[in-house]
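Structure first, then comments.
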Number of protein chains: 2
Amino acid sequence: MDQKPKSSTRRGSGRVTLADVAARAGVGAITVSRALKNPQQVSEKLRVRIDRAVRELGYIPNQAARALASSETKIISVIFPSLSNAVFADLLDGIHDCLQPAGYRTMLANSHYSEGEEEELIEMMLAQNPDGIIITGIDQSEQTHQRLKRAGVPIVQTMELGDNPLDMNVGISHLAAGRAMTDYLFEQGYRHIGFIGARMDKRSQRRLRGYREAMLERGQDPDRYVLTSLSNTSFQLGADLMTQLVARHGEIDALFFSNDDLAAGAIFECQRRGIQVPRQLAICGFNDLEFASAIAPSLTTVSIPRYDMGRTTAQCLLDRLQGRQGPRQIDVGFSICRRESTL
Amino acid sequence: MDQKPKSSTRRGSGRVTLADVAARAGVGAITVSRALKNPQQVSEKLRVRIDRAVRELGYIPNQAARALASSETKIISVIFPSLSNAVFADLLDGIHDCLQPAGYRTMLANSHYSEGEEEELIEMMLAQNPDGIIITGIDQSEQTHQRLKRAGVPIVQTMELGDNPLDMNVGISHLAAGRAMTDYLFEQGYRHIGFIGARMDKRSQRRLRGYREAMLERGQDPDRYVLTSLSNTSFQLGADLMTQLVARHGEIDALFFSNDDLAAGAIFECQRRGIQVPRQLAICGFNDLEFASAIAPSLTTVSIPRYDMGRTTAQCLLDRLQGRQGPRQIDVGFSICRRESTL
DNA sequence: CTGTTAGCGCATTCAG
DNA sequence: CTGAATGCGCTAACAG
């Protein structure tokens with residue numbers, strides 16, 4: 001007669017609950033809970049009965065309840081400044097591929113390169129009680145730092161290495177990379193090396209600083225051949241900025257672009273205008289996106305292991321969550337990919 | 001003497017709770033709850049007191065508890081077959097930009113083009129009690145369909161239009177797009193039109209079907225000039241497949257690639273080998289990624305409004321969640337971008 | 001190995 | 001407009 005064991009019921013999602021499964025299997029609720037999380041803690045016999053009941057009823061555990069009871073959400077918050085940028089897409093791919101099999105879910109947010117948005121998002125994310133947080137770069141405000149520290153959640157700052165990690169830090173030194181590329185161009189014999197950048201987020205700024213330091217070391221004017229724009233990166237912008245800078249300084253023989261998109265745009269423009277690359281003008285970029293090796297001439301660039309950086313970032317978090325103690329800071333390194341555009 | 005109103009405390013995150021704020025402000029917990037969600041339901045006086053208490057204590061609401069009590073999570077689950085693919089990155093960008101300001105959080109998962117993984121992910125996602133689900137394409141298994149329908153959650157299938165939407169559906173017809181491009185090539189005077197595809201997911205397959213139907217209509221052999229690979233798309237693969245197909249059929253005068261990456265790889269290869277595009281060989285792609293208009297010669301391709309498709313997809317969900325009744329199906333349309341590679 | 005009891009923090013219901 | 005009681009579904013702690 002009592003088909004409905006649920007008694008009161010003012011509310012309720014109507015979904016099958018742990019109690020339903022327990023009733024069906026003729027055991028206590030907690031036993032079902034254990035059978036699902038630590039099967040070895042439950043006798044073979046009960047486990048089978050429970051598994052059957054779970055399947056028959058189509059039970060899906062309620063994460064919110066689980067989170068509330070155990071204060072473990074299995075959620076990792078990821079805050080990126082852009083999603084359409086291939087660099088972050090690859091990073092995200094690596095992060096997800098590492099988290100997913102470990103049973104963690106990825107909650108994503110886009111700050112659009114705005115510090116203000118980033119702070120709001122962090123607030124929003126903290127409300128979710130994430131088990132871990134991944135943020136981009138090392139330039140959060142002091143207030144944000146405090147907020148994050150108080151949250152008491154493992155954090156990885158990714159993409160870029162800094163002196164004072166909030167907690168853990170995975171990335172590369174964009175300053176060192178900017179220097180390395182400039183040095184390389186010098187070694188190749190170029191003497192009038194320009195720098196072209198767009199959007200100029202913190203990482204681009206540090207690449208530029210690397211360029212300027214290298215120029216200074218060689219006794220060159222660090223500002224003369226620099227042209228930056230606050231606009232967003234695009235192929236067209238690369239072409240336009242190159243045109244401007246070269247028109248102003250005809251002696252320029254090499255251009256270091258703050259990313260591959262700009263550099264490729266410049267190469268395409270050279271193709272159209274019949275400028276020989278690298279004979280008349282050497283060109284190099286940053287990131288080593290897939291097209292860098294495909295275009296003609298192929299593009300010299302700084303290669304960074306984006307996907308692996310993502311995996312490493314996530315792994316740091318997992319290590320901490322599983323009680324292992326790893327390094328606080330990991331330099332995943334970069335390398336100069338020497339290709340046709342700077343032969 | 002009783003500084004700690006919290007009595008038992010075996011557990012507890014230690015974080016500030018609604019009750020703490022209520023005590024501080026000298027009101028009931030529910031009043032604080034209301035002051036945060038519907039400020040106009042609370043008198044000015046109390047609201048000010050409460051706001052102050054919230055700030056002083058640094059209160060952050062606990063989403064899990066909120067979700068459990070209200071069965072509203074404000075989470076939208078998004079399942080994509082790839083994250084590194086620029087098409088999905090842009091789609092995601094649009095989705096996120098629409099959901100974020102509306103107070104919804106995006107939970108992301110990558111099925112790696114695998115139906116099996118997709119099913120597992122859906123299971124995992126349902127455990128989160130999302131308020132809505134976005135999945136890619138129209139080819140889920142019958143079992144998955146049932147599962148999703150039983151969940152009773154608004155769903156949008158995105159990217160591609162189908163006859164039998166699970167719930168809501170936003171996208172384009174890839175078949176029609178494949179036909180349209182093939183027709184266009186015919187109109188341009190090409191007579192030996194090949195098709196080259198990679199990965200051959202469902203949408204690429206439908207583009208191919210569009211090509212084949214158009215070929216048949218013109219009395220052409222629909223299979224003779226087709227070459228597909230199950231490998232993942234890459235620039236290099238585009239070059240290789242082109243080389244193979246052209247070697248086999250020297251009479252081919254136009255190639256329709258299932259995406260821009262393959263097409264661009266082919267164009268770069270032509271540049272290297274001195275093949276005139278489009279004079280000797282016309283080339284076109286699919287998606288209209290940013291580089292399509294930048295490369296030389298610029299690439300004819302099918303343009304699809306990825307970012308807007310993302311926004312529309314998310315908006316459909318929001319409309320439903322806010323009780324508005326919108327259309328079940330939205331065709332966001334495509335267009336042929338005629339550029340230099342098929343002049 | 002299994003069950004009982006008691007809450008996790010919030011929002012719903014209903015009463016003032 | 002405000003509050004008290006109650007339970008959302010699950011798991012930690014302890015007992016058996």
Side-chain angles (χ1 to χ4, degrees), chain A residues 5-50 54 57-74 126-129 131, chain B residues 4-50 54 57 59-74 126-129 131:
Chain A
K6 320 278 316 229
S7 56
S8 73
T9 188
R10 259 182 310 164
R11 295 174 279 169
S13 56
R15 261 179 30 180
V16 178
T17 76
L18 201 58
D20 297 334
V21 176
R24 174 86 164 217
V27 301
I30 187 66
T31 307
V32 177
S33 173
R34 284 197 274 252
L36 294 176
K37 284 197 103 80
N38 293 45
Q40 72 278 19
Q41 277 186 32
V42 174
S43 68
E44 175 78 23
K45 210 174 68 182
L46 287 189
R47 210 186 320 153
V48 173
R49 275 208 338 246
I50 290 170
V54 165
L57 296 175
Y59 170 67
I60 299 183
N62 180 326
Q63 289 298 333
R66 179 175 288 182
L68 189 55
S70 70
S71 37
E72 269 212 353
T73 54
K74 296 286 184 179
L126 286 180
Q128 288 288 346
N129 262 318
D131 288 349
Chain B
K4 295 202 147 81
K6 320 274 321 234
S7 56
S8 74
T9 186
R10 257 182 311 162
R11 294 176 279 170
S13 56
R15 260 180 29 180
V16 177
T17 76
L18 202 57
D20 297 334
V21 177
R24 174 86 164 218
V27 300
I30 187 60
T31 306
V32 177
S33 173
R34 282 198 274 252
L36 294 176
K37 284 198 102 79
N38 294 47
Q40 71 277 19
Q41 276 184 33
V42 173
S43 68
E44 175 77 25
K45 211 175 67 182
L46 287 189
R47 210 186 322 153
V48 173
R49 278 213 329 252
I50 290 170
V54 164
L57 295 175
Y59 169 67
I60 299 183
N62 179 325
Q63 290 298 333
R66 181 175 286 183
L68 188 55
S70 70
S71 37
E72 269 210 356
T73 54
K74 295 284 186 182
L126 287 179
Q128 288 289 346
N129 261 319
D131 288 349

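Between the side chain of B:N62 and the backbone N or O of B:A64, at least one donor-acceptor pair lies under 3.5 Å. The main-chain N or O of B:E72 is never found under 3.5 Å from a side-chain atom of B:D131 such that the two would form a donor-acceptor pair. Panel note: side chain B:R34, backbone B:Q41; no donor-acceptor pair is recorded below 3.5 Å. Of the possible polar contacts, none joining the A:R47 side chain to the A:A35 backbone as a donor-acceptor pair under 3.5 Å is found.
Among the protein residues, A:Q40 comes within range of the sugar-phosphate backbone only, with heavy atoms under 4.0 Å from sugar or phosphate atoms but none that close to a base.
Among the nucleotides D:dG9, D:dT2, C:dC10, the one closest to any side-chain atom of B:T17 is C:dC10. Residue B:S70 places its side chain closer to C:dA11 than to any other of C:dG3, C:dA11, D:dG9. Distances were taken from every side-chain heavy atom of B:N62 (C-beta onward) to each of D:dC10, C:dT2, C:dC10; the shortest belongs to C:dC10. When each of D:dT11, C:dC8, C:dA11 is scored by its nearest atom to the side-chain atoms of B:S33, the top-ranked nucleotide is C:dA11. Candidate nucleotides C:dG3, D:dT2, D:dG7 were compared by shortest atom distance to the side chain of B:R34, and D:dT2 ranks first. Each of D:dA12, C:dA11, D:dG9 was ranked by its minimum atom distance to the side chain of A:I30; first place goes to D:dA12.
The phosphate of D:dG3 (OP1 or OP2) has a side-chain N or O of B:T31 nearer than 4.0 angstrom.
Note: CD1 (A:I50) to C1' (C:dT2) measures 10 Å, nearest angstrom. In this structure, A:Q41 places its CD atom 12 Å from P of D:dT11, rounding to the nearest Å. Rounded to whole Å, the distance from CD on A:Q63 to P on C:dG9 is 18 Å. Taking atom CG on B:L68 and atom C1' on C:dA11, their separation rounds to 10 Å, with Å as the unit. Rounded to whole angstrom, the span from the CG atom of B:L36 across to the P atom of C:dA11 amounts to 8 Å. Atom CG in B:L46 sits about 11 Å away from atom C1' in D:dG3, given to the nearest Å. Atom CG of B:L57 and atom C1' of C:dG9 are 15 Å apart (whole Å). A straight line from CZ of B:R15 to P of C:dG7 spans 21 Å, rounded to a whole angstrom.
The minimum heavy-atom distance between B:P61 and B:R66, with the atom names listed, is CB-NH2, 3.6 Å.
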